Enquirer: 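Once you've had a glance at the structure underneath, I'll fire off some questions.
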Number of protein chains: 2
Amino acid sequence: EGATISGIAFTKDEAEITIKGVKDQPGVAAKILGPIGDAKIEVDMIVQNVGSNGLADFTFTVSRNTLKNAMKVIEKNKKIMSYESVSSKNNIVKVSIVGVGMRSHAGIAGRMFKCLAKNKVNIRMISTSEIKISVVIDQKNLEIAVQALHNEFKLNKK
Amino acid sequence: EGATISGIAFTKDEAEITIKGVKDQPGVAAKILGPIGDAKIEVDMIVQNVGSNGLADFTFTVSRNTLKNAMKVIEKNKKIMSYESVSSKNNIVKVSIVGVGMRSHAGIAGRMFKCLAKNKVNIRMISTSEIKISVVIDQKNLEIAVQALHNEFKLNKK
Ligand SMILES: C[C@@H](O)[C@H](N)C(=O)O
Ligand SMILES: C[C@@H](O)[C@H](N)C(=O)O
């Protein structure tokens, strides 16, 4: 595959905010994140998948100590946008495999996902870039996921 | 914000495959991408958002000329997994803003999304990494999106 995984990275102390059923039309993503940016709340991941029936789900992650603040901002902006529900989870973490030549994402991702499955780790969210595959999982699975991925991609040998 | 946007990147000729309503339990993501990797189909983005009622939606993008092949692989593996529907769209593109110091993602993302909204460009998917915010949009909006983002982030001045 030509890909070389150079490391496993993880971000602890994250929380996710999910807004389900927003209108899938221009301007909605800006209405959600504009006020969060104005409140100087740092955002890590932003994930939205393809919608259906004109609605989409929108999730972003923040550091755990700004979750309350971020939820207040969403609550305050309720009037300017319609959605079905807002929920948050404060004990999640992000685990990523980092490497070059990930063009063969499917083969690498397949191995990553299979490794997590073998260790009974459920994947809550997935997001990728050219050099990284990131998953959000429950915090309780952090140690086992990082250890298992180190073994899978043989990163233990120094 | 301290962020500096260094450029706008885009990937043409992409297609997306969305599998809605897969079981949100360990092993499912591996069942979807394992066979795609085995068929040596290159995957670009992989996006999954938080599920509800035990189900989640899973999307990945491939280059347009491998869409038929990828759909055949999904079809063949129907027996080993349950899902509500599979759909694909073959005229999508990925547009990204790239920069360092994106920790203030929300402010930067807000500007990106507002810019796209002003130009009536609907965002189909969103995925981020530490140095990049990527959106998937309809191909027909590619030129206007790239031009508008260049103006917004003042990248025209050489
Ligand atoms: C849901 C949201 O991304 C919407 N499609 C927009 O363009 O803003
Ligand atoms: C939907 C899929 O990601 C599932 N949660 C898994 O862990 O494989």
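Keep in mind the model is a prediction, meaning the values are calculated, not measured.
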Enquirer: Let's test your reading of the structure: which of B:V28, B:D24, B:I36 forms the most heavy-atom pairs below 4.5 Å with chain A?
Expert: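 Highest number of pairs under 4.5 Å: B:D24.
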Enquirer: Is it the side chain or the backbone of B:K132 that comes within 4.5 Å of chain A heavy atoms, both, or neither?
Expert: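 Side chain only.
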Enquirer: Is it possible for you to say whether B:V98 and B:L155 belong to one hydrophobic cluster, with membership spreading through side-chain heavy-atom contacts below 4.5 Å?
Expert: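 Different hydrophobic clusters.
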Enquirer: Say whether, by atom type as modelled, one donor and one acceptor occur between the side chain of B:Q48 and the main chain of A:R124 under 3.5 angstrom.
Expert: yes
Enquirer: Would you mind reporting whether A:E130 and B:D44 have side-chain heavy atoms less than 4.5 Å apart?
Expert: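 A side-chain contact under 4.5 Å exists here.
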Enquirer: I need the residue from A:A30, A:S85, A:P26 with the largest number of non-hydrogen atom pairs under 4.5 Å to chain B.
Expert: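 Sorted descending by pairs with chain B, the first entry is A:P26.
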Enquirer: Can you name the nearest heavy-atom pair linking A:S129 to B:S129, along with the distance?
Expert: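 Scanning both residues completely, I find the closest heavy atoms to be CB-CB, 3.8 Å.
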Enquirer: Quick one: do A:V73 and A:V43 end up in the same hydrophobic cluster if we chain Ile, Leu, Val, Met, Phe, Trp and Tyr together by side-chain heavy atoms under 4.5 Å apart?
Expert: yes
Enquirer: List the atom of A:A29, the atom of B:F113, and the distance in Å for their closest heavy-atom pair.
Expert: CB-CD1, 3.5 Å
Enquirer: Is there a path from A:V136 to A:I144 through hydrophobic residues (I, L, V, M, F, W, Y) whose side chains come within less than 4.5 Å of each other?
Expert: no
Enquirer: If you check every heavy atom in residues 54-61 of chain A against those of chain B, which residues fall under 4.5 Å?
Expert: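 Listed by number, the contacting residues are A:D57, A:F58, A:T59.
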Enquirer: Identify, with sequence neighbours excluded, every residue that meets salt bridge (Lys or Arg N to Asp or Glu O under 4.0 Å) alongside A:D38.
Expert: none
Enquirer: Is it true that atom NZ of B:K23 has more than 12 heavy atoms of other residues, nucleotides or ligands lying nearer than 6.0 Å?
Expert: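 Atom NZ in B:K23 is not packed in, count stays at 12 or less.
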Enquirer: Tell me whether B:I17 is reachable from B:Y83 by hopping between hydrophobic residues (I, L, V, M, F, W, Y) whose side-chain heavy atoms are closer than 4.5 Å.
Expert: yes
Enquirer: Hey, any chance B:I123 and B:V47 share a hydrophobic cluster, counting ILVMFWY side chains that come within less than 4.5 Å of each other, even indirectly?
Expert: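 Not linked; separate clusters.
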Enquirer: Rounded to the nearest 0.5 Å, how far apart are CG of A:L33 and CD1 of B:I133?
Expert: 8.5 Å
Enquirer: Looking only at heavy atoms, what is the nearest atom pair of B:K20 and A:G51, with distance?
Expert: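 Shortest heavy-atom contact: NZ-O, 3.6 Å.
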Enquirer: B:V121 versus chain A, heavy atoms under 4.5 Å apart: side chain, backbone, both or neither?
Expert: backbone
Enquirer: Roughly how far, to the nearest 0.5 Å, is OG of A:S127 from CG of B:N49?
Expert: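 Between atom CG of B:N49 and atom OG of A:S127 there are 10.0 Å.
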Enquirer: Would you name the heavy atoms of B:I46 and A:A109 that are closest together and state the gap between them?
Expert: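 Taking B:I46 first and A:A109 second, the nearest heavy atoms are CD1-CB, 3.6 Å.
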Enquirer: May I ask you to name which of B:K114, B:M125, B:Q25, B:K120 has the most heavy-atom pairs under 4.5 Å with chain A?
Expert: B:M125
